[in-house]
Structure formats: structure tokens, C-alpha cells
Protein chains: 2
Amino acid sequence: MDKPTTKDLAKAAGVSLATVDRVLNTRAGVRQATVERVQRAIREINFVRDMSAANLARKKEYKVVFLLPDHDDEFIDLIQNEIAKTARFLAYERTVVSIIRAPANDPHRVAEQMDNLSINEIDGVAIMAPETPQVRDAILRLEAQGLAVVAFVSHQPNAEGANYVGINNEAAGRTVGQLMARFTGMRQGTVLVLTETMQSRDSQERRLGFDTIMEKYSSRLKVSPSMETYGDALRSEKIIKMALQSQPPFVGIYLMNHDVRKTMQVIDELGIAQQTIIIGHELTSYTRARLVDGSIDAVITQDVGHLVRSSIRVLRAKITHMPSVASQERIRVEIILRENMPEEFHSENM
Amino acid sequence: MDKPTTKDLAKAAGVSLATVDRVLNTRAGVRQATVERVQRAIREINFVRDMSAANLARKKEYKVVFLLPDHDDEFIDLIQNEIAKTARFLAYERTVVSIIRAPANDPHRVAEQMDNLSINEIDGVAIMAPETPQVRDAILRLEAQGLAVVAFVSHQPNAEGANYVGINNEAAGRTVGQLMARFTGMRQGTVLVLTETMQSRDSQERRLGFDTIMEKYSSRLKVSPSMETYGDALRSEKIIKMALQSQPPFVGIYLMNHDVRKTMQVIDELGIAQQTIIIGHELTSYTRARLVDGSIDAVITQDVGHLVRSSIRVLRAKITHMPSVASQERIRVEIILRENMPEEFHSENM
DNA sequence: GCCAAAATGATGTACGTACCTCAAAAAACC
DNA sequence: GGTTTTTTGAGGTACGTACATCATTTTGGC
């Protein structure tokens, strides 16, 4: 037997096509009892609405927005790139994506941008911004208006409705810890933890995971407190130099933020990359080069293409009230060494 | 301006809808000159056919078959599971998948199964079978009939038409090598390489990659020749015992085949898991447990869900002559430690 | 049991493409 | 230049769903 259509469903439920339509699209004017009858029939005949046909009929374009921080680092670039790449492909699926930017460290401005969205005809938003009360409230406002929201890369645990699309940062921290412990072999010494800021929840979670593992190796490895560079090269230099003089000697560096560039420059100048295990985050063309030349030993990353596509799929599923495949939307904590580094892609077709 | 439709295309090309249809669906009875005119117009107005609408109109189901080895190991189970999971989701996209099995080590039987396919109305096939002349020829026959073919997990380099969906096994071998070198710290000794068989190309490529890396560490680490277990526990035991008595002592084991189970049992009995770095392939519930209890140190794997979905997407793209996003279809060599192990999934919706 | 209100049915059009038939026009042949 | 053959056009129906309108039935209130 073929897949049941709305017609079959109407017959099975003993109602007219019009009523089926009302129930499927949650229109008003149907008795609760009838709604239930239709829903039961849906289950009974295992009806699934043909979304292609539905979209066609709707002639609707799903408008989805990515709200990204407005500072430019390589990670953000990667994301933008990937969105652009995906966008073309998405034309086939009646989905239009756009990007807006907001200063991530100014929650009010971010919230303001989000509030602006509601006015336009937007169906879903993926938000990458640190968790703050302002942002949380803005998310709730968007959701109240019926917009679909996902938390993109940055977790928003206090806005429950917004599915999180990103890695488990604590697991990422643990992974770095384990690699650090193993890669330093039997050596004794200190591991330096450098980060742009410890303000963000992501950093805190990574640190937590990292420490969990390092504790097990405390007889051999000491861990520095998180040193905040604020993206400042001079400050990084001072911190690293100080650490260099510490006893016992330091054996590893954990670069906890996306933008490893500035810090690596300092490390280069000091010429300590080779004898030190350096682990960072996010696979960019910069960290790729560093993996290749051996100055960075491992990179923990999340597949940016996956992030983007997953966000869009989840948004679309929420917008159309369809289920999504959870296992497909889980973002993995990936370990990249020189050996398993995927090629960089430029062409998009095959 | 909205996305152009066939109507716009007809206008742009200065022909009728009927002719556009003839060109798009490569029907006979159109002069070459006209065909080119339409194709030029396609490029000019950037027309992309709405596949949802096309599929709807065709009322066609894309029938796709996975041809898997008929022996049961955990990896195959995973694949079957994932196919089943994906199948439900695929109903939305007019795609029906099924699975057939063939004895992987009997190329004639495999080819026979493949030839049977052509009779039925099948649109695409994903083939997981060792590369042999028989299989290669069968692939060519299928392609000659217009079927789409991908090489699933097992590379088929001599059947060029069949896109390979799977990891780069040499890179996987290199990755294992690097991890082995690093995880063994400064220790000196031998690394044992165990495999079910070296017959398969996959094994050979992994070995090649592995050796490339181990060579760099030759002053510290010796590598055993590939020991073939033929899936035989007794044989494994003998091999491992022999290695135990070797000088220098052995420090690592590389389990190169999917089915690590039997070999791990022997390793358990000998009680050598703790002091030895053990690295295997494929994340199954068995290797998961082994990662958790620490008896396996790392697993190199490929995302099975990704493998399956990617194969289907590539097949569908080939069937409909649509482009596919290469970067999305590249399968990564994933490193899994206890710390970054993704949760095992059972429920499928969110 | 009457009336208004609410619920349901019937029906038509649309979305963008495929596929079919028949008619008309253009090209090729002799 | 007339005839056959090939190419093109015109138009309709279908796919499964959305959405709108209007007619009809059912329900609830009194």
C-alpha cells in the first residue's frame, strides 16, 4: 500500500478533507473531540504529511537568520562561509538564510537586534551570543511571537525553548585534558591555560572539564589558573614569560578561545612551540597550518558545516512542527591531529 | 525577483513550455540548436528545477539498495541500525531503502547479487564489498544500465563512476600511528598489529599509513608485521603470547579490523590491557564499554549515520543528475577517547 | 424546539513540475 | 512545390498539500 495522503486520512478519520486540513494546520473551529479523532487516525494509518508538497503549496519561503557576533575572528569567518555555502544549496528547500551581526559583549545591543527581528517576517533565528539576562529575555519574546529559536554555539540554558546546537564544552575540556596528559608523556611541569576571557560560560565549562581530567594527573602536572589575555598580545607575552620562569618548567599550553592567532605569535617569538604541547580550539586555515608545521599538537573542533546545517534543520523542524532526528543534530567534539585533518574545501560541487 | 520557474525559462529561451520540458527531461524530438538555446537560458536566468515539485509530479519513489556483507559483526549491525533509522526519515523525501546481503569474501556471489538487482526497478546501489575484478565488472554493468552506484565503506578505485563514501584509510592508519606514538609516551618496545586479514585493500591502506608514522619513531618503537587472526580466538592468543615473550617488551596493540571483540577477550585473559596502549576501529557499544573501562585507549571511527545519509544523498544526486555538496559528503576520520565519546542514542525524536 | 453560533463539508484554485495527446509549424526530401 | 518527417506549440491532467469561500449541518443556550 502506498503512503497515505490527506485523502486517506480524511476517510480513516471519517471527516472531510477540510477538517483534516484544519487539524493539520491547527486552524480554529474544530471541536476537541474531532481533533483527537483525526490525530488518532494519523497514528493509526501512520500518516506523514508530504512536506515537499506542503511547501510547494505554501509557496512559502522559510526565512532564517543567524545572529553572529560582530567582531571578526577566523571562526566567525568560517561560519559565515559555511552559511553562504549552505545558502545556495538551500534554495532547493525553500529556505532563505541571512546573517546579522551584533556586538556580542553588549547584551543590550544584542537584545535590541533581536527585538528588531520580530518586526520583519522572519521564521527562525539562530543566536550566537553569550548567555545574559537580556538575551534570555529577548529569546523568550521571540518565542512568544512564534519564532523558532536555537542557541548557536553558545548555550542558553535559561531559555529552554531554544535548542542548543553546539558541542558539549565540558566534554571538550575533558578531551583537551586527556590529550594534554597523554601527549606530555611522562614529563613533569605546569600546563598554562590561556583564554581571552573567563566571562563566558563556554570558557567556564571547558575549564571545568579540563580540570576534571588534570586532577588525575596532579602528581605530574600542575595547572595554571586561567590567564585572560583579553585578546591583547602584550598581555599574553607577559603572562607566558612569567610562566616560563616558573618552577617546575611548563610543558603544555591550552589555548581555550577560538582566536589562537595572537597568542601563537607570542609563542613563536619565544620559540617554545616545539618543546611544548599546545592544544587549541577550532580548525581554521590558521590552525591547519600550525598543525602541519607541528607547532600546534592538536585542535579540538566542531564541524562548522554541521553546525550550520543542523541549526537550519532544527529551525525548520520547529517552524513546521516536524520532528527532527536528534542523533543527526548532535555536534561532535572532534579531535584533529595533523594526521586526520580533513582537506580544506574550495569547490562546492562534485 | 523570485526563483525562476519553467515558465520563466520558456520565456527566456523563447520556446514553449513543452520544449522546455523536453529538454529538461532529455526527451527526443528537439533540435540540437534548440537544446543549446534552452541550456543557455538555464544558465542565464540561473534556473534550478524545483526537485520537490518534480518528485511530486513524478510520483516516483527512489529505490536505493545497500549491499552489505552477510557476516554479522557489530559494525554491520550499526550500519543496519542506522539505515533503519534513516529509512523512516526518508519517507519524507520519496526514497525507499532496502538492504541485501552477500558473502563478502565470495566475489562471484556478490557479483551475482548485483546482477540480480538490475532486473528489479532499483535506482541506486551502495556497495560494501572488497574490491575484486568480479565486483568491479558488476559495478560497470549496473552503471551501464543507468543505475547510480557508490562504493560504501570499501573503496572501489577501479570503478571510477562509483563515488567512494567512506574514510581515507591511509589517514586513519596515520592517525592511529600518531596516537600510538604519543600515548606510549617515552616507552620503548614493540607495537603489535592485529588484523583479521590483510587481503582487503582497507587493511593495506591502514597499514601503510600506520607505518609512515611509526617510521619516525623507529628509534623507540618497533612494529610487528601484520598478524592475521582470521577471526580466530585461539590463533590470536598464540600470536599475542608469542609477542609477550619478545624483546623489547611490547607496549601497544593496533587492532586494525572492525571486530575487536574476540581479540580483546584474549587480551583480557592475559591481563595486559592496562599496561598496553590499545587502539582499535569503529565505535560500537562494545568499544564504548572498553573506552569507558579504560582497556581500550582510543578508537578511530567514522560516523555511521553520516555514512548512510551521505551515501543516500550522493545516490539521489546521481539519480536525478543534481549536484551534491562535496564538503558535506566527506567522511571524517574521527578520534574517540573516553572524554569525547558521544552518547549512545536510542530515542530518535526531539 | 427555536435560533444563533459553532463546526463541518464541498468545492475550487494554486504551487512547480511531469507527462500525455493533438495540432500546427518548420524543415527535409525528392 | 508538394509531401513526408521532424520539431515545436498548446493545452490538459496529475501529484499532495494549503488556503479560501460558501453552503450545510450540528450543537448549545434558553
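Keep in mind that this is a model prediction, so the values were computed, not measured. In what follows, every chain begins at residue 1, and chains take the letters A, B, ... in the order their sequences are listed.
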Which of the following nucleotides, [options], is nearest to the side chain of [X]?
{"X": "A/Ala57", "options": "C/dG9, D/dA18, C/dA7", "answer": "D/dA18"}
{"X": "A/Val15", "options": "C/dA18, D/dT17, C/dG9", "answer": "C/dG9"}
{"X": "A/Leu56", "options": "C/dT17, C/dT8, C/dG16", "answer": "C/dG16"}
{"X": "B/Thr19", "options": "D/dG9, C/dA18, D/dG16", "answer": "D/dG9"}
{"X": "A/Thr5", "options": "D/dG16, D/dT27, C/dT17", "answer": "D/dG16"}

Between [atom2] on [N] and [atom1] on [X], what's the gap in Å once rounded to a whole number?
{"X": "B/Asn55", "N": "C/dC19", "atom1": "CG", "atom2": "P", "answer": "11 Å"}
{"X": "B/Gln32", "N": "C/dA28", "atom1": "CD", "atom2": "P", "answer": "14 Å"}
{"X": "B/Asp50", "N": "C/dA18", "atom1": "CG", "atom2": "C1'", "answer": "12 Å"}
{"X": "B/Asp8", "N": "C/dG16", "atom1": "CG", "atom2": "P", "answer": "9 Å"}
{"X": "A/Ile42", "N": "D/dG16", "atom1": "CD1", "atom2": "C1'", "answer": "15 Å"}
{"X": "A/Ile45", "N": "D/dG16", "atom1": "CD1", "atom2": "P", "answer": "13 Å"}
{"X": "B/Met51", "N": "D/dC15", "atom1": "CE", "atom2": "P", "answer": "19 Å"}
{"X": "B/Arg37", "N": "C/dA26", "atom1": "CZ", "atom2": "P", "answer": "13 Å"}

Presence of [X] side-chain N/O under 4.0 Å of [N] phosphate oxygens OP1/OP2:
{"X": "B/Ser16", "N": "D/dA10", "result": "no"}
{"X": "B/Arg31", "N": "C/dA26", "result": "no"}
{"X": "A/Thr6", "N": "D/dT17", "result": "yes"}
{"X": "B/Lys59", "N": "D/dG16", "result": "yes"}
{"X": "A/Thr34", "N": "C/dT8", "result": "yes"}
{"X": "B/Arg22", "N": "D/dT8", "result": "no"}
{"X": "B/Arg58", "N": "D/dA14", "result": "no"}
{"X": "A/Arg27", "N": "D/dC19", "result": "yes"}

Ion pair present between A/Arg332 and A/Asp303, side-chain N to carboxylate O less than 4.0 angstrom?
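No salt bridge links A/Arg332 with A/Asp303.
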
Any carboxylate oxygen within less than 4.0 angstrom of a Lys/Arg side-chain nitrogen, looking at A/Glu329 and A/Arg313?
yes

Non-hydrogen atoms of B/Thr5 and B/Phe47 that approach each other most closely:
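Closest heavy-atom pair between B/Thr5 and B/Phe47: C-CE1, 3.4 Å.
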
Provide the closest heavy-atom pair for B/Ala151 versus B/Ala162 in the form atom of the first, atom of the second, distance.
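Distance-wise, the nearest heavy atoms are N-CB, 4.1 Å.
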
So what does B/Ala54 touch, heavy atoms closer than 4.0 Å: a base, only the sugar-phosphate, or nothing?
sugar-phosphate

Counting the atoms with a prime plus P, OP1 and OP2 as sugar-phosphate, which does B/Asn25 contact under 4.0 Å by heavy atoms, base, sugar-phosphate, or nothing?
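Sugar-phosphate contact only.
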
Assess the residue pair B/Phe152 and B/Ile127 against the criterion (side-chain contact (heavy atoms from CB on, under 4.5 Å)); give the C-alpha distance rounded to whole Å, side-chain angles, the decisive distance to 0.1 Å, and a yes or no.
CA-CA 5 Å; B/Phe152 183 69; B/Ile127 292 165; 5.8 Å; no

Mapping B/Ala53 and B/Asp21 onto DNA chain C by nearest heavy atom, which one lands closer to the 5' end?
B/Ala53

With sequence neighbours left out, write down each residue that passes side-chain hydrogen bond (donor to acceptor under 3.5 Å, both in side chains) with B/Gln302, or none if nothing qualifies.
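If we apply the side-chain hydrogen bond (donor to acceptor under 3.5 Å, both in side chains) test to B/Gln302, skipping adjacent residues, the hits are B/Glu282.
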
